[in-house]
Number of protein chains: 2
Amino acid sequence: MLTEVIYVLTDRQLLILQVIVDDFIHSAQPVGSRSLSKKNEISLSSATIRNEMADLEEMGYIEKTHTSSGRIPSEKGYRYYVDHLVSPHALNQDDVGKIKSIFEEKIYELEKIVQRSAKILSEITNYTSIVLGPEINVNKLKKIQIVPLNQETAVAIIITDTGHVENRMFHLPPSININELEKIVNILNDRLVGVPLINLTDKIYKEVAVLLRQHIQNYDLIMNTFGDALKVSPNEKLFYGGKINMLSQPEFHDIEKVKTLLNMMEQDQWIYEFIRQNQSGIHVKIGRENNNIAMENCSLITATYSMGDEKLGTIAILGPTRMEYSRVISLLQLFSQDLTTVLTKLYQNK
Amino acid sequence: MLTEVIYVLTDRQLLILQVIVDDFIHSAQPVGSRSLSKKNEISLSSATIRNEMADLEEMGYIEKTHTSSGRIPSEKGYRYYVDHLVSPHALNQDDVGKIKSIFEEKIYELEKIVQRSAKILSEITNYTSIVLGPEINVNKLKKIQIVPLNQETAVAIIITDTGHVENRMFHLPPSININELEKIVNILNDRLVGVPLINLTDKIYKEVAVLLRQHIQNYDLIMNTFGDALKVSPNEKLFYGGKINMLSQPEFHDIEKVKTLLNMMEQDQWIYEFIRQNQSGIHVKIGRENNNIAMENCSLITATYSMGDEKLGTIAILGPTRMEYSRVISLLQLFSQDLTTVLTKLYQNK
DNA sequence: AATTAGCACTCAGGAGATGCGAGTGCTAAC
DNA sequence: GTTAGCACTCGCATCTCCTGAGTGCTAATT
């Protein structure tokens, strides 16, 4: 992308730009000079405003939809607005209450908290929320269990220090006997507790294999099938809230746009990679900054949440470029703070 | 609902009705007499066809969209078509292959099989698939485990005979000690293995409570919090596939219709109750037969799947009333049969 | 020098008018 | 009983016209 020239704007231009963005965010209609001149914040004639708007347009901060239309903010305009003009939004008591309510119910499972959060955030904002669940790969093993179901199958259960439970069924070779299985489990629990899940398989084959081979008859036979069961799914889960909220936005009255957008959301992998790479803190990506045709008309605001100072996951709000930046930013700030506090309190005291 | 009069149709009328429905299903355009007269199956002049169509309309099987338009099937027409005119559809090799592919991968978890099925069925049909997961309440307890995570929390794990794993975190009262917990678990496992999950809490409080009270110090204190953990979520899970396929149907080019429909799908509860009540076999509900405004323009074809002869769950395909009934019916027939066979083989041999 | 009033101009979008084509129903002939 | 023929209907696309909200520019005003 070309680096765009950043002009120095006069106070008056700043004011006008801000009012245009604010107005357009709420009305979704191009803003004209006459309607601006009527606002309290601005006491200038429409002609003067027209002159200033012409300058703002030349600098690339606003644009027209056709020759004689009012102005709408350009992506560059939104960028400037987000970087310099958003005032810390005084949050509505209602919204604050709803965010607090997420944490009031006594839920202990990380994943459920996160899922609930996605739902409520989308309800408050009327946009779509995307929550990247906690990274389970870095969680540490608390216990491994194997429960045989019948002669042929058993289920392996992996419990982490955060209380996350993974389970996988696997096939039992006919020659195996239950005692052997128990021996394996004992050895594994003995040696592997505290190991991050991501290192589990590695550690088994490199360090524990020798030991297992000594004690177990059919080592290869068992590990062939059981080993797979221990490979924890590599990806964190994505949770969506309010996918259909986008349908209520006037910019998505076109069914084709809706389709490409919803389609993109089904492509978990892309979203996953995209959201995952966020550094901690709040970030705003506007329109084409997202590098995805489906999101041309969308902005994405992301925040991270942590436990102590270990980053756990990401939460994002997806709306039209014409979204209420200041409100959403404040909401996410509050939310990620609260979530971090709760999680730290819940799980940090081992 | 009023019982509608069922007229006896001449062979010629049947033929015309069938061709109209078939044609409309594929073109989504009202069918006129002239285009009908050109078809090979029908060798009549357009005028004759017009006369027959007038009769069919009078009987309520077809209708006009405006005075001089071609005809489209009415709900009654679709009903008649489904009940009497659908010919067993010769399935495409491709489709059969895709259905078989669902079961080729070695997945053992019931839920994952079902989830995968929803996805693939929606891909084959281009409609929306709704799968009601296996009823876990009737599964029988295989084992209960409790794993303490730290001083304050523990996770309870319930494993069923089908390999389904439920887990719930709960709070440990500070005065409790680990040995007591283990004692409880031992007693529960001793007494409750083989009990259907739905009867679990009941059985604990009615039969096992006495025994527990004898052996456990802080019975009330523990059971207060642990008891909740054993209450298995009452509902089976709903899985959707191809929610957005509906957007490609011409009848859903209207954003409002899409919104009400997608909204309805978010109301899990309603869909759940509605689909659940199906008897085994294949059932077709057309338009307003579904008793839901959101589904006025939709038809729902449901099939059940079982293990042995115990009905496990339901799978449904949701499409516009103008959907390919015969194809979908055949697909569902094949699919539910295959799924039943696989499940029976997988889990029946205990 | 900065601001404003005034004016000619542009364009989207809604309201009518028009024509075309695909359909119908009816009547009379085959 | 079937069909040809004809008058009629209506949706839909196209065109034109009109209005209103906007613009840019120039000249007058502060």
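Keep in mind that the numbers below use all heavy atoms, side chains included, and drop hydrogens, waters and symmetry copies.
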(message) Rounded to whole Å, please give me the gap between CG in A:Asn51 and C1' in D:dA27.
(response) 13 Å
(request) Report the distance from atom CZ of B:Arg71 to atom P of C:dA22, rounded to the nearest whole Å. (result) 18 Å
(message) Side chain of B:Thr48, heavy atoms from C-beta onward: which of D:dT23, C:dA12, D:dT2 has the nearest atom to it?
(response) D:dT2
(message) D:dT23, OP1 or OP2 - any side-chain N/O from A:Ser33 closer than 4.0 Å?
(response) yes
(request) Considering only NZ, NE, NH1 and NH2 on the basic side and carboxylate oxygens on the acidic side, decide whether B:Glu123 and B:Lys98 come within less than 4.0 Å. (result) no
(message) Assuming nearest nucleotide by heavy-atom distance, tell me which of A:Met53 and B:His66 is located more 5' along DNA chain D.
(response) B:His66
(message) Any side-chain N or O of A:Lys64 below 4.0 angstrom from OP1/OP2 of D:dG24?
(response) yes
(message) Which is more 5' along DNA chain D, the nucleotide nearest B:Leu44 or the one nearest B:Thr65? Just name the residue.
(response) B:Leu44
(request) Rounded off to whole Å, could you give me the CD-to-C1' distance for the B:Glu57 and C:dC26 pair? (result) 15 Å
(request) Report yes if the side chains of A:Ile72 and A:Ile62 come closer than 4.5 Å at any heavy-atom pair, otherwise no. (result) no
(request) Examine C:dT3: is either OP1 or OP2 under 4.0 Å from a nitrogen or oxygen in the side chain of A:Ser45? Give yes or no. (result) no
(request) Check whether any side-chain N or O of B:Asp95 sits under 3.5 Å from a backbone N or O of B:Asn92 as a donor-acceptor pair, and report yes or no. (result) no
(request) Round to a whole Å and report the spacing from CD of A:Gln13 to P of C:dA2. (result) 13 Å
(message) Categorize B:Thr67 for me: base, sugar-phosphate, or nothing, with a 4.0 angstrom heavy-atom threshold over every strand shown.
(response) sugar-phosphate
(message) Between P on C:dT24 and CD1 on B:Ile16, what's the gap in Å once rounded to a whole number?
(response) 11 Å
(request) Verify the contact: side-chain N or O of A:Arg34 to OP1 or OP2 of D:dT23, cut-off strictly under 4.0 Å; return yes or no. (result) no
(message) Check the orientation of A:Tyr78 and A:Tyr325. Use parallel for under 30°, tilted for 30 to 60°, and perpendicular for over 60°.
(response) tilted
(message) Expressed as a whole number of angstroms, how long is the span from A:Gln29:CD to D:dG20:P?
(response) 17 Å
(request) Verify the neighbour count for atom CD of B:Gln93: are there more than 12 heavy atoms of other residues, nucleotides or ligands below 6.0 Å? (result) no
(request) Kindly indicate whether the side chain of A:Ser68 and the base of D:dT23 share any N or O donor-acceptor pair separated by less than 3.5 Å? (result) no
(request) Please state how far atom CZ in A:Arg12 lies from atom P in C:dA1, giving the value in whole angstrom units. (result) 16 Å
(message) Using whole Å, what does the distance between atom C1' of nucleotide C:dG6 and atom CD1 of A:Ile49 come to?
(response) 17 Å
(request) Please evaluate the base of D:dG5 for a donor-acceptor partner in the side chain of B:Arg50 within a cut-off of under 3.5 Å? (result) yes
